[in-house]
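Dropping a structure here in structure tokens format, bear with me for questions.
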Amino acid sequence: MFAVMGKILWVDLSEGRCWEETVPEWVYQTYLSGMGLAAYTLYRAIPAGADPLGPENVLGFVSGLLTGTGSLMTGRWMVTGKSPLTGTWGDANCGGTLAPAIKHAGYDGIFVRGISPQPVYLYVDHGRAELRAADDLWGLDTRQTEDHLLALFPGRPVSVACIGPAGEKCSRIAGISNDQGRMAARSGLGAVMGAKRLKALVVSGAFPIPTAQPEEIQRLTKRFLRWANFQPPFVNGQGARLLGTAMRWMPLSLRQDGMLYKFFLTKYGTVGLNQFSIETGDAPLGNWTGTNEDFPPSRSETVNPDRIREREQVKYHCYSCPLGCGGMTHFAGGQRETHKPEYETVLALGGLLYNQDLESIFEANEMLNRAGMDSISAGGTLAFALEAYERGWITREDTDGLELRWGDSAVILELLRRMIAREGIGDWLADGSRAAAERIGRGSGEAAVQAGGQELAMHDGRNDPGFALHAALDPTPGRHTVGAYLYYEMFQLWRKIPRLPAARGPLYPKGHKYGAGREKAVQAAANSQFIQLLNGAGGCLFGAFMGLHRLPLFEWLNAATGWDLDAEAYLRIGRNIQTARQAFNARENLPLKAPINPRALGLPPQTRGANRGRSVPLEELASLYWAEMGWDESSGRPPRAELAALGLEPEE
Ligand code: SF4
């Protein structure tokens, strides 16, 4: 088959052996590759009730079907497994170079089970795989680990994914680093690597990736480049903030075209809309109790994208991406460097903590990247700790004399250091806010803003209820990359699939977003299905934001594989992937609507600020969404017959 390598690599760490498995063509036709291949494989490989940190859990590192085919913005890799943070299906997504490396090494995915008796790293080179001792790497941070490994293969194009001290210490908010500190951060899967004593993967190879119609791919790529390269000169940080303020005051919502987002992304990276998000009410503040009034422009100026861009030394791109939203920046008076902090990191360590010290955000970003810890969960957990101290749930005795104060950057950095080291109060916080609240008790769970155990990202469901809906209903709870009403507007799927309702616009009443009805459910289901399709292809969400009439995803898929499927058929593949992820949780008998902190739903509603009076009708939305996905509308369980048709369960 074209575009895929047709096999996966299996590794059993307990037995110390590696082997290949051929993937039948029907699996690709049903699930694509990437997330779909992982969902199918893990459902069958991980027994229900498996301990996420035990030998039965399987970590899957997968690249997408379109990766390496000549298509653009399709070089994301994903890591999947049972999450130690939520106990559910877990996944995380990252750019960098690992995705093409996996395919050039000869595989569509690398799946790892068991527990090694000693620290090891997995070396995969052009169809050969072996486990090598990593005792000398254990204890190193992610950048040191990667430097050490790259030095072993001078002049070779190897790609490294590794864990740092957070993963080694099985922090349930640990991530996995690639390309010197780019993080597949969510779901705590770094802890799974740590529990398996797998320090790193080193991957290289030169197998070609054949495609059915290379010339057609090239033609589509050229066409897309016209949109990707279009960049007007008027984009600036001040303008973004003013636009956010105007949108807050306007009585109507503006349907958003993702090209506007692309303009900011190209110039600034994800931080381009920092102040815009604070002004509109998208960014939660003060552990979700504050409002834009508590962090007005005079205070949020510190995260103005121009303040961050002036520290940028060089921009970088993920594999096959013309936009290049990443960059290396300097801090500490030019003495030290770190990846340009992402929007999520800046807001989770900034506004969420009322921290106005930009320098400390750069410092924390580097600490987290080196430790291999998720900045969203770390920020959310720090916010929990500040509130817990303020409300007397933890005291100075618990913190060994540290006085926790909102916005005190020295305290924030010290608390973070203790979290990474699992030292004192830091040990309580190292597994996230839900675990910390369970340990502290005294009703402190009220301040743990999470869904199903995972801290929510910096997008407020009271501003866009789609974020709350998907954070509670996606099989990986607490994620912001799995759907939002805003995303539906930007994807413009209705241009390819006429049965889907067009988003209202260009202006529509703000109240429309806060209702529950079938139209919302149809949009949310299409959103989920499309995003999982994108994950099967290895696509970047930011590319899809530009709209499916500009990003030729369906056309690339046909040209790469030689299939002749329409957009509706591809959306069905996305639905298959989402159903397999959902089935994983259903089999665990977990609640399929993750418990979510009422603050994130506007229960009770805020009485001032951008999101005043708003709440999310999650109960009604849940059953409408499940029905639209074809699952049981009261429980969210996929029908057994469908699981049999998808090859997940035997025929009855
Ligand atoms: S837009 Fe940014 S995250 Fe997406 S592929 Fe390009 S560089 Fe990577």
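Order of appearance sets the numbers: ligands from 1, and atoms from 1 within every ligand. Note: hydrogens, waters and symmetry copies are ignored here, and every other heavy atom, side chains too, is used.
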What protein heavy atom sits nearest atom 6 (Fe) of ligand 1, and how far away is it?
-> Cys321 SG, 2.2 Å

For Gly324, atoms of ligand 1 separated by under 4.0 Å from a heavy atom | 7 (S)

Does the ring centre of Phe263 sit less than 6.0 Å away from the ring centre of Phe230?
-> yes

Can you say whether the rings of Tyr261 and Phe542 are parallel (under 30°), tilted (30 to 60°) or perpendicular (over 60°)?
-> tilted

Going by the order shown, which atoms of ligand 1 are within less than 4.0 Å of some heavy atom of Met73?
-> 1 (S)

Determine, stepwise, if the pair Glu555 / Arg219 fulfils salt bridge (Lys or Arg N to Asp or Glu O under 4.0 Å).
-> CA-CA 11 Å; Glu555 296 85 345; Arg219 187 187 71 76; over 6 Å; no

Could you give me the CA-CA distance, side-chain angles and deciding distance for Trp563 and Phe554, then say whether ring pair (Phe, Tyr, Trp, His ring centres under 6.0 Å) is met?
-> CA-CA 10 Å; Trp563 299 340; Phe554 306 118; over 10 Å; no

Could you find the nearest protein heavy atom to atom 3 (S) of ligand 1 and give me its residue, atom name and distance?
-> Arg76 NH1, 3.2 Å

Answer yes if the side chains of Ser360 and Asn355 hold a donor-acceptor pair under 3.5 Å, and no otherwise.
-> yes

Mind telling me whether Tyr487 and Phe467 have parallel, tilted or perpendicular rings, with 30° and 60° as the class edges?
-> perpendicular

min-distance protein heavy atom vs atom 4 (Fe) of ligand 1 -> Cys540 SG, 2.4 Å

Cys325 near atom 6 (Fe) of ligand 1 via N/O/S, less than 2.8 Å = no

Counting backbone and side-chain atoms alike, does Cys318 have an N/O/S atom under 2.8 Å from atom 8 (Fe) of ligand 1?
-> yes

